[in-house]
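To find a chain, count down the sequence lines: A is the first, B the second, and so on, and within it residues start at 1. Atom set for the values below is all heavy atoms of this structure, side chains included, hydrogens, waters and symmetry mates excluded.
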There are 2 protein chains.
Amino acid sequence: MSKKQSLDSLLEAGKCRPIGAVERDTGIARDTLRVWQRRYGFPNPVRNPRGERHYPAKQVRRLQLIRRLLDQGLRPGKIVPLNEPALHQLEAELCIMPGVEHQENVVALIAHLREHDTEAIEVLLGEILAIQGLRRFVQNTVAPLVKIVGESWAQGQLDVYEEHFMSQLLIRLLNTEIAKLEIAASPNPVLLGTLPGERHGIGLLMTAAILASENVAAINLGVEMPLDQLVRAAEKFNSSVLGLTFSGAYPYGSVRSHLQELRARLPATTNIWAGGHAMGRVRKLPTGVIKIISFDELPIATIR
Amino acid sequence: MSKKQSLDSLLEAGKCRPIGAVERDTGIARDTLRVWQRRYGFPNPVRNPRGERHYPAKQVRRLQLIRRLLDQGLRPGKIVPLNEPALHQLEAELCIMPGVEHQENVVALIAHLREHDTEAIEVLLGEILAIQGLRRFVQNTVAPLVKIVGESWAQGQLDVYEEHFMSQLLIRLLNTEIAKLEIAASPNPVLLGTLPGERHGIGLLMTAAILASENVAAINLGVEMPLDQLVRAAEKFNSSVLGLTFSGAYPYGSVRSHLQELRARLPATTNIWAGGHAMGRVRKLPTGVIKIISFDELPIATIR
DNA sequence: TAGCCTATTTTGTCCTAGACAAATATTATT
DNA sequence: AATAATATTTGTCTAGGACAAAATAGGCTA
């Protein structure tokens, strides 16, 4: 009886999850979960009578922690074999808080986010926008906010759903502001998008907002556009500029080769702007590709 | 040399895609693709020198067609072995296009999209919206438009970038309209999101717009929310309803099991609404899960 | 110091063919 | 016509091996 109960508590009360569910919850593919077990001994799921893997909730949480560390650029071989305290220590060490001079506004917004106070967030965002104007709002408020929310999530201080919630609020707000400006269509609009593998589109939207505030027409194609599609779109829309963003999680080596291929396939009349955190590591770029670390560097004058 | 060239022409000019890409493009799981091949002889991909499956573009399109038929309630064993003409005939027989009287607008919008006439699309969308009002605009114009754009893409009649472009326009427009309505925050907001693997968020936005038009507060968490996060969010926001959408591309086998798991983990006070094209094929649902095939069925009265 | 070529390690994805439970269809029984 | 029993269909999971693409480290040049 006690034995049966302990098995139950492991399989049911312990909320074990089959490999498909863990794949969904962690974003780590089935094959990868199995090969990690083979190579590193972790995860080490319970088996049901049929021999199928059932992952205890604790291991799922640890996998999510591992996932966060991977997103910060660490490699599986270095961290998957580590025990839990070591992982938590690593996470704490990597917590590089960029200057405490977070603007009050951003701190207040995060506080409201933690309290799930939708109304307060929307009101405060509106107030800040009214004071700063769209361009400074994007640069001084939205960009730091996105960065800090992303980092808080990576450190486990914010839940995934809280990050998504804030993203959706910002998407709605920025789209609304862009629509308000009613920029006239251009024969050479700036084209914005990300390459496959890059799923963060908020940088594109921030760029579009700044361009709109400068009365520049932009077309945002959103995330994960296959390379050939970007080329076709740039040709069809006769774009003067193709703007791409690469977040910190983007695979390092591919940035340059992708930009080189794009440069080779795009007409010479189309310039390439490359922005986002991952660009900080890229040193040399193909000629005709402009690296943009800060929104201040957007060479808007060149296309007007 | 000539041998290498012929291989190239087969694998590259023919635009063959590895199984992982086909899984993403069709929403059919790897294992399922392999087991269909074993059982029904289709798909029948080319093999590269390593023995890996490479699916010609034509077979991918046929898989997407099969996908659409499955969504209408047909079973794999009946249709996967069929040849292409038979499939197209089946689709033609099953094709139930909603009210033909609003098709004119949609046809005109698609025509403008083909011509890349941003301005014309925006003007026309604005006019239709002014005439129909937000709710009917979403039901009669946006929904059919999204469906037809998606199908045109699946059939190779529209490029990926054209589909993305239209999506972004609609996202901007709907978000703007929702913002205009300035719905007051609710203590029990409707929560909207999709499960991991489901990357189409436009259905959520359409739902949010209709809810807003009925003065119902909704929180859109966007796409690919891990299941446990949806549960936590529903608890934290004290939601009366969790709304999910499953597009035609969603791995159909998992819909039911995911909904069952969600039902088990959510508090009984939270209802579940499940919508989207993939719901057309799901017959029996756990009690406490409401299937929503048409926006008309949204039980808005129950939460007001 | 920075770039670049080469060798080594790491890492994710794909392979096979069988197994089986859950979902669905079909037939039998009340 | 509804219910129960049986049969079929169908998606998911298993195993360990394999290998290319990517990341790292070492050595060389300017």
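D:dC13 atom C1' lies 13 Å from atom CD of A:Gln37, rounded to whole Å. Here the P atom of nucleotide C:dA21 and the NE2 atom of A:His54 are 13 Å apart, to the nearest Å. D:dA22 atom P lies 17 Å from atom CG of A:Leu70, rounded to whole Å. In this structure, the CZ atom of A:Arg53 is 15 Å from the C1' atom of C:dA19, given to the nearest Å. In this entry the distance linking CD of B:Glu52 with C1' of D:dA18 reads 9 Å, nearest Å. Whole-Å rounding puts the A:Leu33 CG to D:dG16 P distance at 16 Å. Here the P atom of nucleotide D:dA18 and the CG atom of B:Asn48 are 17 Å apart, to the nearest Å. Distance, A:Ile19 CD1 to C:dG12 C1': 14 Å, rounded to whole Å.
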CA sep, side-chain torsions, deciding dist, call: B:Glu91, B:Arg68, salt bridge (charged side-chain N to carboxylate O under 4.0 Å, His left out): CA-CA 8 Å; B:Glu91 187 183 42; B:Arg68 265 178 274 138; 2.4 Å; yes
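Side-chain proximity of A:Arg34 to C:dT11, D:dC13, C:dT16: nearest is D:dC13. When each of D:dG11, D:dT14, C:dT13 is scored by its nearest atom to the side-chain atoms of B:Trp36, the top-ranked nucleotide is D:dG11. Across C:dC15, D:dA23, D:dA15, the shortest atom-to-atom separation from the side chain of A:Arg47 is found for D:dA15.
Nearer to the 5' terminus of DNA chain C, by closest-nucleotide assignment, is the contact made by A:Asp31 (compared with the other of B:Arg38 and A:Asp31). The 5' end of DNA chain D is approached more closely, in terms of each residue's nearest nucleotide, by B:Lys78 than by the other of B:Lys78 and A:Arg30. If B:Tyr40 and A:Val35 are placed on DNA chain D by their nearest nucleotide, the residue sitting closer to the 5' end is B:Tyr40. When each of B:Pro18 and A:Arg50 is assigned the nucleotide of DNA chain C bearing its nearest heavy atom, the one mapping closer to the 5' terminus is B:Pro18.
Taking the side chain as every heavy atom from C-beta outward, B:His164 and A:Gln229 never approach each other to under 4.5 Å. A 4.5 Å side-chain heavy-atom check between A:Leu191 and A:Val241 finds every atom pair outside the cut-off.
Within 6.0 Å of atom CZ in B:Arg265, more than 12 heavy atoms from other residues, nucleotides or ligands are found, so the atom counts as buried in its surroundings.
Here B:Thr32 reaches the OP1 or OP2 of D:dT12: one of its side-chain N or O atoms lies under 4.0 Å away. OP1 or OP2 of D:dT10 sits under 4.0 Å from a side-chain N or O of B:Arg75.
Taking CD of A:Gln59 as the reference point, atom NE2 of A:His54 lies at 13.0 Å (rounded to 0.5 Å).
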